[in-house]
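The structure presented is a predicted model; accordingly, all values stated were derived computationally and were not measured. Chain letters run A, B, ... following the sequence lines, proteins first, then strands; residues in each count from 1.
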Protein chains: 2
Amino acid sequence: MSLRYAILGYLSTGPGTGYDLARQFDTGLGWFWSARHSQIYPELKRLTEDGLITRDTTMVSENMDKYIYSIAPEGLAVLRDWASKPPTYAPNRDTERLQLIFSDDSPESLRKHLETHRDHFRRRREKLQATIDTIRAGEHERVNSRLARRGPEEAALTLQLREMAYVGDIERADLEIAWAERGLAWLDSHEHKPKGRQQGAALAAPQAAGVQQVGEGGVPADASAAP
Amino acid sequence: MSLRYAILGYLSTGPGTGYDLARQFDTGLGWFWSARHSQIYPELKRLTEDGLITRDTTMVSENMDKYIYSIAPEGLAVLRDWASKPPTYAPNRDTERLQLIFSDDSPESLRKHLETHRDHFRRRREKLQATIDTIRAGEHERVNSRLARRGPEEAALTLQLREMAYVGDIERADLEIAWAERGLAWLDSHEHKPKGRQQGAALAAPQAAGVQQVGEGGVPADASAAP
DNA sequence: GTCGGCATGTAAGCGGTTACATGATTGG
DNA sequence: CCAATCATGTAACCGCTTACATGCCGAC
């Protein structure tokens, strides 16, 4: 149940409405968590009942209210407590990889698969880059409002952690793009000679430390000699 | 609902029991999907009812049966159809990153966080490497039984896709390890001078293509000049 | 006037986790 | 004899998605 902490985390950078949260989570990027408004509103209610956040009501009209939520000291404590615990890792579930390894009966679609993968991470990379650029330029409102409440030493740490998180995700995206492009290059070198015995294009990344290389290419020579 | 396809995929490499599936998914590694037996058994029942798999019963004793499932032609078709569709990407949900960016109120735990991260991906990398080594050596039973049913051309593609999947995941693990180690190095260079103004250790990976570099280090000089 | 963005909620259903439950076989 | 592994199931619960539902406000 990280949603709770994601909300507390957001509100720790300043007050906001449910709609603000929904926009951040739903457009997702710049963010490391995602949620729909149908999940957010009930959770805000629960957090208020638990005394972790407070709610201010501003009347918009007779039959329409707007609620601005702020984090309470108890909420800040809960957030800090949670963040200080070492991370746990959910079991891996990767639909893309699953599809990939069972695509060997439908090779025509492989190219499209890899192109989709590459394009997905290109888009993601662009958005991450744009966000970290904004933070670096000191123009990210939420980050700034968090920094404003802190001394210069704490501020440096806040920025360092954002930097680590975004740079890490950008590198992930770069890796996925390079991976897909290597796959596409392999396809290129094989598509006009589908009967090919030649195990051409290098598969493993040149710089990938510690990856054991096999003789000729990605596929061992005796591969089909298996039972 | 990828579980259904993960099961079909597994059974496409040969018959197996629910328990076999549970072991593969639950120990997770070597695999790109995960599930508990409590989810697997009902799904096997549904797949049988839908005619995608068949069930053979071997009586173990009077009041205990054992069921061996095999993929049906309809199941193979459904699997192939699913695998040939371009991948879709679930919204990003990353507890670890979320914890990281809100650790700026509890810096003492940062080191442990990064060490846990590094160790997690080291273990994962080891298991992935062991599996791909087995496949490369032609000693992976499931992969071999899949290869046995196919001609040499198809076999080459099967192996290529496994290679891509495992190498891709190994590179991901390498990236995470390197990322965590860079973070730890940064911590080292800051722990004995917590008041430090000096923005020491490089943050961005030296080889990360296209990552915009900032002047001195990971953090822009005017960072705390924000409102 | 209607369309898109702001704003807030509820309900059904699904996929996954945790816990409960039972029994056979094998080896120390 | 007891523990571990093999083997199969059910039930309660939780988090997330999809869909349903309503209403304000400003701009074109």
Side-chain angles (χ1 to χ4, degrees), chain A residues 1-8 10-11 15-28 31-50 53 55-69 82 88-95 98, chain B residues 1-8 10-11 15-28 31-50 53 55-69 82 88-95 98:
Chain A
M1 45 175 294
S2 297
L3 172 62
R4 159 158 288 228
Y5 303 107
I7 292 175
L8 288 174
Y10 180 78
L11 292 180
T17 66
Y19 190 80
D20 290 336
L21 277 156
R23 248 191 323 162
Q24 282 296 319
F25 285 151
D26 188 25
T27 66
W31 266 96
F32 308 104
W33 203 258
S34 173
R36 313 249 171 242
H37 77 273
S38 58
Q39 206 187 351
I40 292 166
Y41 289 116
E43 188 63 39
L44 283 169
K45 204 182 168 188
R46 259 173 262 131
L47 282 163
T48 310
E49 284 161 6
D50 294 348
I53 61 178
R55 191 173 87 164
D56 286 291
T57 307
T58 54
M59 205 162 324
V60 175
S61 69
E62 283 103 71
N63 37 347
M64 199 74 196
D65 276 345
K66 182 178 161 176
Y67 306 117
I68 296 165
Y69 293 93
W82 171 78
T88 56
Y89 295 85
N92 215 40
R93 280 195 189 87
D94 192 333
T95 318
L98 208 56
Chain B
M1 46 175 297
S2 296
L3 172 62
R4 158 158 288 229
Y5 302 107
I7 292 175
L8 289 174
Y10 179 79
L11 293 180
T17 67
Y19 190 80
D20 290 336
L21 277 155
R23 248 189 325 160
Q24 283 295 319
F25 285 151
D26 187 24
T27 67
W31 266 96
F32 308 104
W33 202 257
S34 173
R36 313 249 171 242
H37 76 273
S38 58
Q39 206 187 354
I40 292 167
Y41 289 116
E43 188 63 39
L44 283 169
K45 202 180 167 190
R46 259 174 262 130
L47 282 163
T48 310
E49 284 162 6
D50 294 350
I53 62 179
R55 189 173 90 163
D56 285 291
T57 307
T58 54
M59 204 161 329
V60 174
S61 70
E62 283 104 70
N63 38 348
M64 198 79 194
D65 277 345
K66 182 178 159 177
Y67 306 117
I68 296 164
Y69 295 92
W82 171 77
T88 55
Y89 296 85
N92 215 42
R93 280 193 187 88
D94 193 333
T95 318
L98 208 55

Distance in angstrom units between [X] [atom1] and [N] [atom2], rounded:
{"X": "B:Asp20", "N": "D:dA7", "atom1": "CG", "atom2": "P", "result": "6 Å"}
{"X": "A:Ile7", "N": "D:dG15", "atom1": "CD1", "atom2": "P", "result": "12 Å"}
{"X": "A:Phe25", "N": "D:dC16", "atom1": "CZ", "atom2": "C1'", "result": "14 Å"}
{"X": "B:Asp26", "N": "D:dT5", "atom1": "CG", "atom2": "P", "result": "13 Å"}
{"X": "A:Met1", "N": "D:dC16", "atom1": "CE", "atom2": "P", "result": "9 Å"}
{"X": "A:Leu44", "N": "C:dA7", "atom1": "CG", "atom2": "C1'", "result": "12 Å"}
{"X": "A:Ile40", "N": "C:dG9", "atom1": "CD1", "atom2": "P", "result": "12 Å"}
{"X": "B:Tyr41", "N": "C:dT22", "atom1": "OH", "atom2": "P", "result": "17 Å"}

Open item on the list: Suppose we screen for side chain to side chain contact (heavy atoms under 4.5 Å, CB included). Which residues come up paired with A:Tyr89, at least two apart in sequence or across chains?
Closed with: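 Partners of A:Tyr89 under the side chain to side chain contact (heavy atoms under 4.5 Å, CB included) test: A:Pro87, B:Glu96, B:Thr116, B:His117, B:His120, B:Phe121.
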Open item on the list: Please enumerate all residues that pass side chain to side chain contact (heavy atoms under 4.5 Å, CB included) together with A:Tyr67, with sequence neighbours excluded.
Closed with: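 Side chain to side chain contact (heavy atoms under 4.5 Å, CB included) check on A:Tyr67 returns A:Arg55, A:Thr57, A:Asp65, A:Tyr69.
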Open item on the list: Using a 4.0 Å heavy-atom cut-off, does A:Ser38 contact any base of the nucleic acid, only the sugar-phosphate backbone, or nothing at all?
Closed with: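 Base, at least one base atom sits under 4.0 Å.
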- [ ] Would you mind classifying the nucleic acid contact of B:Arg4 as base, sugar-phosphate or nothing, using non-hydrogen atoms under 4.0 angstrom?
- [x]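 If one applies the 4.0 Å heavy-atom cut-off, B:Arg4 turns out to touch nothing in the nucleic acid.
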Open item on the list: Any side-chain N or O of A:Arg93 below 4.0 angstrom from OP1/OP2 of C:dT17?
Closed with: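 For C:dT17, OP1/OP2 do have a side-chain N/O of A:Arg93 under 4.0 Å.
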Open item on the list: Looking at C:dG15, I'd like to know if its phosphate oxygens (OP1 or OP2) sit under 4.0 Å from a side-chain N or O belonging to B:Gln39.
Closed with: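 No.
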Task: Out of D:dT10, D:dA21, C:dA7, whichever nucleotide has its closest atom nearest the side chain of B:Pro42 - done: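 Ranking D:dT10, D:dA21, C:dA7 by closest atom to the B:Pro42 side chain puts D:dT10 first.
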Task: Candidate nucleotides C:dG15, C:dG16, D:dC16, ranked by approach to the side chain of B:Leu3 - the nearest - done: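 When the side chain of B:Leu3 is considered, C:dG16 is the closest of C:dG15, C:dG16, D:dC16.
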Open item on the list: Going by side-chain hydrogen bond (donor to acceptor under 3.5 Å, both in side chains), name the residues that satisfy it together with B:Arg93, two or more places apart in sequence or in a different chain.
Closed with: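 In terms of side-chain hydrogen bond (donor to acceptor under 3.5 Å, both in side chains), with neighbours along the sequence ignored, B:Arg93 is linked to no residue.
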Task: Those residues that, when tested against A:Tyr10, pass side-chain hydrogen bond (donor to acceptor under 3.5 Å, both in side chains) (two or more places apart) - done: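 For A:Tyr10, the residues satisfying side-chain hydrogen bond (donor to acceptor under 3.5 Å, both in side chains) (neighbours in sequence not counted) are A:Arg142.
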- [ ] Find the bend of the helix from C:dG1-D:dC28 to C:dG28-D:dC1 as the angle between its two terminal axes (five pairs each), to the nearest 10°.
- [x]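 Comparing the axis at each end, I get an angle of 20°.
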Could you check if a side-chain atom of [X] sits within less than 4.5 angstrom of a side-chain atom of [Y], using non-hydrogen atoms only?
{"X": "A:Trp31", "Y": "B:Leu98", "answer": "yes"}
{"X": "B:Tyr5", "Y": "A:Thr95", "answer": "no"}
{"X": "A:Asp26", "Y": "A:His37", "answer": "no"}

Task: Contact summary for A:Ala35 and A:Leu3, nearest pair of heavy atoms - done: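 Looking at all heavy atoms of both residues, the closest pair is CB-CD1, 3.7 Å.
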TODO: Answer yes or no: is there an ion pair linking B:Arg46 with B:Glu49, defined by an N-O contact shorter than 4.0 Å?
DONE: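 The answer is no: the pair does not qualify as a salt bridge.
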Open item on the list: Nearest heavy atom decides the nucleotide; on that basis, is A:Arg46 or B:Gly18 closer to the 5' end of DNA chain D?
Closed with: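 It is B:Gly18, whose closest nucleotide lies nearer the 5' terminus.
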Open item on the list: Keeping A:Asp50 on the side-chain end and A:Leu47 on the backbone end, is there a donor-acceptor pair under 3.5 Å?
Closed with: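 No; judged by distance alone, with no hydrogens or angles, the pair does not exist.
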Distances for protein N/O vs nucleotides 4-6 of chain C N/O pairs under 3.5 angstrom?
from: C:dC6; atom 1: OP2; to: A:Tyr19; atom 2: OH; distance (Å): 3.0

